[in-house]
Number of protein chains: 2
Amino acid sequence: MRIGQLSRRTGVPARMLRYYEEQDLLHPERAANGYRLYDAAAVHRVQQIRGLLDSGLTTEIIRRILPFLDRPGEIHPGCLSDEVAALLKEEADRITQRVECLSRNRDAILAYLAAVQRDGDPAPPSVR
Amino acid sequence: MRIGQLSRRTGVPARMLRYYEEQDLLHPERAANGYRLYDAAAVHRVQQIRGLLDSGLTTEIIRRILPFLDRPGEIHPGCLSDEVAALLKEEADRITQRVECLSRNRDAILAYLAAVQRDGDPAPPSVR
DNA sequence: ATTTGCCTTCACATCGATGTGAAGGTTTGA
DNA sequence: TCAAACCTTCACATCGATGTGAAGGCAAAT
């Protein structure tokens with residue numbers, strides 16, 4: 001599919017899809033006339049990129065972890081140096097930090113909402 | 001405490017602390033000479049702000065949810081309009097999205113690392 | 001008292017992600 | 001064949017978060 005269709009399917013502006021390619025996150029084929037050609041998997045990949053960007057990761061970090069995300073163990077040649085492994089571990093830890101921070105604060109919001117809602121109830125769910 | 005000390009305790013540049021104040025995230029007292037004066041709770045608040053910023057929230061969103069985070073139910077006057085409640089719920093949902101995306105991808109990284117590590121073992125932890 | 005270090009405000013620069021528009025070639029369909 | 005919709009690259013603008021430096025006031029220690 002061409003860039004316009006991928007854009008419509010993902011809701012991501014074509015401009016951004018070109019940018020992600022420039023950042024080495026996408027690698028579409030090229031038609032004879034120079035048009036970008038994406039395979040069906042690109043839709044998922046774009047959504048993944050968007051989710052990670054929205055979660056505060058930079059394109060640089062995404063680029064480094066992306067090659068390791070879509071293989072549940074399929075491709076793991078000896079190409080994983082100790083340094084890269086350490087980097088991945090570090091990044092995983094940073095992500096865990098984020099998850100904990102976000103969960104904590106989301107729970108606080110929900111707890112607050114629950115408290116207020118309980119309060120506003122005209123008839124509390126009386127236990128007795 | 002003054003801004004320099006808060007900066008050292010949190011690792012956040014004084015410049016940024018002033019910026020957060022400009023963004024209405026911090027509201028330090030002022031000494032007679034104009035110096036900002038922070039109370040002990042500011043350390044926690046700054047760490048909270050940093051965590052949320054690092055997780056992709058903007059100062060604008062943080063400003064809106066911050067008043068509801070530190071009260072486990074303490075202060076909930078009638079000042080919570082339905083619109084604000086809806087906004088909080090939406091934001092909580094968006095945060096949940098982020099958490100799921102991050103968890104999923106972190107787990108993929110860890111699974112990959114586990115697979116490779118298992119592979120690279122010179123002597124597998126033979127079961128028999 | 002003077003130095004040293006911290007504080008103030010103001011302003012301009014950077015950086016990553018994104019928006020927008022120009023100028024021109026391609027595909028599709030009336 | 002011509003128009004509409006799509007594609008290309010290039011470039012400049014914006015926006016939020018952050019860095020940095022200037023010019024000057026304040027405070028604690030030698």
Side-chain angles (χ1 to χ4, degrees), chain A residues 1-39 42-43 45-66 91 94-95 97-98 101-102, chain B residues 1-39 42-43 45-66 91 94-95 97-98 101-102:
Chain A
M1 97 195 71
R2 288 181 300 192
I3 202 172
Q5 192 162 12
L6 181 59
S7 172
R8 269 166 309 231
R9 288 198 192 169
T10 58
V12 176
R15 168 74 179 83
M16 283 299 98
L17 297 176
R18 297 194 188 97
Y19 174 69
Y20 298 153
E21 178 178 357
E22 188 185 314
Q23 299 299 307
D24 247 343
L25 305 182
L26 295 175
H27 310 92
E29 302 293 308
R30 291 288 181 147
N33 56 8
Y35 285 15
R36 290 167 177 82
L37 292 181
Y38 299 87
D39 55 39
V43 175
R45 161 145 303 205
V46 169
Q47 291 167 340
Q48 193 169 33
I49 293 171
R50 285 301 328 163
L52 293 172
L53 277 174
D54 285 345
S55 301
L57 276 67
T58 66
T59 55
E60 200 229 340
I61 291 178
I62 298 175
R63 170 174 50 250
R64 292 204 280 204
I65 67 176
L66 212 43
E91 208 49 54
R94 260 196 289 277
I95 293 176
Q97 294 272 97
R98 280 181 166 82
C101 174
L102 289 173
Chain B
M1 99 197 69
R2 287 181 302 189
I3 201 173
Q5 191 161 14
L6 181 59
S7 172
R8 266 160 301 190
R9 287 200 192 167
T10 59
V12 175
R15 169 72 179 85
M16 284 299 98
L17 298 176
R18 297 193 187 98
Y19 174 69
Y20 300 154
E21 179 179 355
E22 188 185 315
Q23 299 299 307
D24 246 343
L25 305 183
L26 294 175
H27 310 91
E29 301 293 309
R30 290 290 181 143
N33 55 9
Y35 287 13
R36 292 167 176 82
L37 292 182
Y38 300 89
D39 54 38
V43 175
R45 161 144 302 202
V46 168
Q47 290 166 342
Q48 193 170 32
I49 292 172
R50 285 299 330 161
L52 293 172
L53 277 174
D54 284 346
S55 300
L57 277 68
T58 66
T59 55
E60 199 230 340
I61 292 178
I62 298 175
R63 171 173 49 249
R64 293 204 281 205
I65 66 176
L66 212 43
E91 207 50 54
R94 259 197 290 279
I95 292 176
Q97 294 272 97
R98 280 180 166 85
C101 174
L102 288 173

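Naming convention: chains lettered A, B, ... in sequence-line order (proteins, then strands); numbering from 1 in each chain. None of the values given here were measured: they were computed from a predicted structure.
Look at CD on A:Gln5: it is 17 Å from P on D:dA5, rounded to the nearest Å. Atom pair B:Ile49:CD1 and D:dA17:P shows a separation of 12 Å (rounding to whole Å applied). Atom CG of B:Asp54 and atom P of D:dG16 are 18 Å apart (whole Å). The separation between A:Arg63 atom CZ and C:dG16 atom P is 10 Å, rounded to whole Å. Between A:Ile3 atom CD1 and D:dT9 atom P there is a gap of 9 Å when expressed in whole angstrom units. The separation between A:Asp24 atom CG and C:dG16 atom P is 15 Å, rounded to whole Å. The distance from atom CD of A:Glu22 to atom P of D:dA11 is 12 Å, rounded to the nearest whole Å. Taking atom CG on B:Asn33 and atom C1' on D:dA28, their separation rounds to 13 Å, with Å as the unit.
Nearer to the 5' terminus of DNA chain D, by closest-nucleotide assignment, is the contact made by B:Gln23 (compared with the other of B:Arg15 and B:Gln23). Annotation: of the two residues near DNA chain D, B:Tyr19 and B:Arg2, the 5′-most nearest-nucleotide partner is B:Tyr19.
Remark: A:Arg30 is in phosphate contact with D:dT9, judged by side-chain N or O atoms under 4.0 Å from OP1 or OP2. Phosphate contact (OP1/OP2 of D:dT18, side-chain N/O of B:Tyr20, threshold under 4.0 Å): present. Phosphate proximity of C:dT9 to B:Arg36: present, with a side-chain N or O under 4.0 Å from OP1 or OP2. The side chain of B:Thr59 places an N or O atom within less than 4.0 Å of a non-bridging phosphate oxygen (OP1 or OP2) of D:dA17.
When every heavy atom of A:Arg98 is checked against every heavy atom of B:Leu102, the shortest pair comes out as CB-CD1, 4.0 Å.
Atoms NE2 and CZ, on A:His27 and A:Arg45 in that order, are 8.0 Å from each other to the nearest 0.5 Å.
Side chain B:Tyr35 to base D:dG25: a donor-acceptor pair is found below 3.5 Å.
Remark: side-chain polar atoms of B:Ser55 are paired, donor with acceptor, to backbone N or O of B:Gly51 under 3.5 angstrom.
Under the 4.5 Å side-chain criterion, counting only non-hydrogen atoms from C-beta, B:Arg18 is not in contact with B:Glu22. Side chains of A:Gln48 and A:Leu66 form a contact here, defined as non-hydrogen atoms less than 4.5 Å apart.
B:Arg18 comes within 4.0 angstrom of a nucleotide base, judged by non-hydrogen atoms across all strands.
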